[in-house]
Amino acid sequence: VQLQASGGGLVQAGGSLRLSCRASGSVFRLNSMGWYRQASGKQRELVANIDRGTMLIKGSTEYADSVKGRFTISENSDANTVYLQMNNLKPEDTAVYYCHADISTDGPYDYGKVFWGKGTLVTVSS
């Protein structure tokens, strides 16, 4: 399984960027998918995540408090792709953004494994 991320770049404060990440390879079931980020000198943190849930547990969407109201995560389930629309960007959003997914590859009884994509740099200038 590979996670291919794209969409990073340089933008002025108040601007927008859209990140995308596509899972390819032996994807039997995409259990969850989302984005983490790591700023220089800081720990990696969750930005946003979509959990698809199961037949018994409803799916959910989660955001870091710092991005609520500005970032929106969405997915194209047919394409195993997740998007992160980032609006009203701030200099403190500058970081390397990593795509993250929990994917079952070995059939219905595989509870899933964690995969990471290569990071994409987002730089927000003031």
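Heads up: numbering here begins at 1 and tracks the sequence.
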Roughly how far apart are [X] [atom1] and [Y] [atom2], rounded to 0.5 Å?
| X | Y | atom1 | atom2 | result |
| --- | --- | --- | --- | --- |
| Arg29 | Asn80 | CZ | CG | 12.0 Å |
| Tyr98 | Glu45 | OH | CD | 12.5 Å |
| Lys90 | Ser126 | NZ | OG | 14.0 Å |
| Leu17 | Gln85 | CG | CD | 8.5 Å |
| Gln4 | Cys99 | CD | SG | 10.0 Å |
| Leu3 | Ser24 | CG | OG | 7.5 Å |

Treating Ile, Leu, Val, Met, Phe, Trp and Tyr as nodes and any side-chain heavy-atom pair under 4.5 angstrom as an edge, say whether [X] and [Y] lie in one connected cluster.
| X | Y | answer |
| --- | --- | --- |
| Val67 | Val11 | yes |
| Phe28 | Val1 | no |
| Met33 | Val96 | no |

Salt-bridge contact Asp93-Arg37 (side-chain N to carboxylate O under 4.0 Å):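 Result for this pair is yes, salt bridge flagged.
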Salt bridge flag under 4.0 Å for residues Lys68 and Asp65: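 Yes, this pair counts.
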Expected output: side-chain Asp102 to main-chain Ser32 donor-acceptor under 3.5 Å: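 Between the backbone of Ser32 and the side chain of Asp102 there is no qualifying donor-acceptor contact (under 3.5 Å).
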Donor-acceptor contact present, side-chain Thr94 to main-chain Val124, <3.5 Å: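 Yes.
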Tell me the closest heavy-atom pair linking [X] and [Y], and the distance in Å.
| X | Y | result |
| --- | --- | --- |
| Leu84 | Ala48 | CD1-CB, 4.0 Å |
| Asp110 | Ile103 | OD2-O, 4.4 Å |
| Tyr63 | Ile73 | OH-N, 2.8 Å |
| Trp35 | Cys21 | CZ2-CB, 3.5 Å |
| Ala79 | Arg22 | O-CG, 3.7 Å |
| Val27 | Ala23 | CG2-CB, 4.2 Å |

Any donor-acceptor N or O pair under 3.5 Å, side chains Asn31, Ser104: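 Yes, because at least one side-chain N or O of Asn31 sits under 3.5 Å from a partner of the opposite role on Ser104.
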Parallel, tilted or perpendicular: rings of Tyr97 and Phe71 (30°, 60°):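 Tilted.
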Close side-chain approach of Ser66 and Glu92, heavy atoms under 4.5 Å: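 With C-beta onward as the side chain, the pair stays apart.
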Within-4.5 Å side-chain heavy-atom neighbours: Val114 and His100: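 Side chain of Val114 against side chain of His100, heavy atoms only: contact under 4.5 Å found.
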Worked check of side chain to side chain contact (heavy atoms under 4.5 Å, CB included) between Met86 and Leu19: CA-CA 8 Å; Met86 304 184 294; Leu19 305 182; 3.7 Å; yes
Residue Gln2 excluded, over 12 heavy atoms near CD under 6.0 Å: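 Not more than 12 within 6.0 Å, no.
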Exceeds 12 heavy-atom contacts within 6.0 angstrom, atom NZ of Lys113: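 Yes - once you tally the heavy atoms of other residues, nucleotides and ligands closer than 6.0 Å, there are more than 12.
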Working for side chain to side chain contact (heavy atoms under 4.5 Å, CB included), residues Tyr36 and Leu46: CA-CA 4 Å; Tyr36 283 69; Leu46 173 70; 3.7 Å; yes
